Amino acid sequence: MVYLVDAYDKERFAESKKELHALLLDDSLTTVPFLILGNKIDIPYTASEEELRYHMGLSNFTTGKGKVSLRESNIRPLEVFMCSIVRKMGYGDGFKWMSQYMK
Ligand SMILES: Nc1nc2c(ncn2[C@@H]2O[C@H](COP(=O)(O)OP(=O)(O)OP(=O)(O)O)[C@@H](O)[C@H]2O)c(=O)[nH]1
């Protein structure tokens with residue numbers, strides 16, 4: 001699952017959090033890796049990764065960047081990566097991170 005958040009639109013964080021958590025609670029998605037992309041980092045005052053994690057209610061939820069084996073655990077891979085779609089930056093690292101969990 002790739003969930004794209006407009007990290008500049010702070011007024012809609014609550015709405016975005018609600019939608020994301022509904023997906024996280026969906027029974028059919030319990031083992032699906034979640035990549036949360038915080039978009040628009042090219043704009044000044046866009047939320048930082050830490051802020052986004054906090055506002056999305058993910059502060060104690062992310063499972064670690066880089067190579068993290070979760071195979072033996074029951075933990076769903078979930079990470080936040082910041083990006084700028086228009087500048088074509090950031091999301092590559094996110095997709096690379098997620099690809100390690102694809103069968
Ligand atoms: N600065 C910047 N603008 C972006 C980026 N990605 C998308 N946009 C712009 O954001 C605007 C909104 O994009 P949409 O695809 O309409 O987003 P949306 O989620 O459908 O729109 P809303 O639901 O109204 O927020 C467009 O003008 C895009 O060009 C980015 O990385 N940086």
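This one's a predicted model, so the numbers in the text were calculated from it and none came from an experiment. Ligands are counted one by one from 1 in listed order, and the atoms in each one are counted from 1 as well.
Among D42, D6, N39, the residue whose heavy atom lies closest to atom 2 (C) of ligand 1 is D42.
Of all protein heavy atoms, the one closest to atom 30 (C) of ligand 1 is V86 CG2, 3.4 Å. Nearest protein neighbour of atom 8 (N) of ligand 1, counting heavy atoms only, is K40 CE, 3.6 Å.
Within a 4.0 Å radius of atom 20 (O) of ligand 1, the protein contributes no heavy atom. For atom 32 (N) of ligand 1, a protein heavy-atom neighbour is found at a distance under 4.0 Å. Less than 4.0 angstrom separates atom 10 (O) of ligand 1 from at least one non-hydrogen atom of the protein. Proximity of atom 25 (O) of ligand 1 to the protein is indicated by at least one non-hydrogen atom lying closer than 4.0 angstrom. Per-atom contact check: atom 6 (N) of ligand 1 touches the protein, criterion being a heavy-atom distance below 4.0 Å.
Taking every non-hydrogen atom of I43 and a distance limit under 4.0 Å, the qualifying atoms of ligand 1 come out as 1 (N). Each of the following atoms of ligand 1 lies closer than 4.0 Å to a heavy atom of S84: 31 (O).
By the criterion of a heavy-atom distance under 4.0 Å, the side chain of R12, and not its backbone, is placed next to ligand 1.
Looking at heavy atoms from C-beta onward, V80 lies out of side-chain contact with M56 at the 4.5 angstrom threshold. The shortest side-chain heavy-atom distance between I36 and L20 falls under the 4.5 Å cut-off. Residues W97 and K67 are not in side-chain contact: their nearest non-hydrogen atoms beyond the backbone lie 4.5 Å or more apart. Within the 4.5 Å cutoff, no side-chain heavy atoms of P44 are placed close to those of T46.
Closest of all the heavy-atom pairs between S28 and D26 is OG-OD1, 2.6 Å.
Grouping the Ile, Leu, Val, Met, Phe, Trp and Tyr side chains by contacts below 4.5 angstrom, directly or via other members, places L4 apart from F13.
With respect to the salt-bridge test (charged N to carboxylate O, under 4.0 angstrom), the residues R12 and E19 do not qualify.
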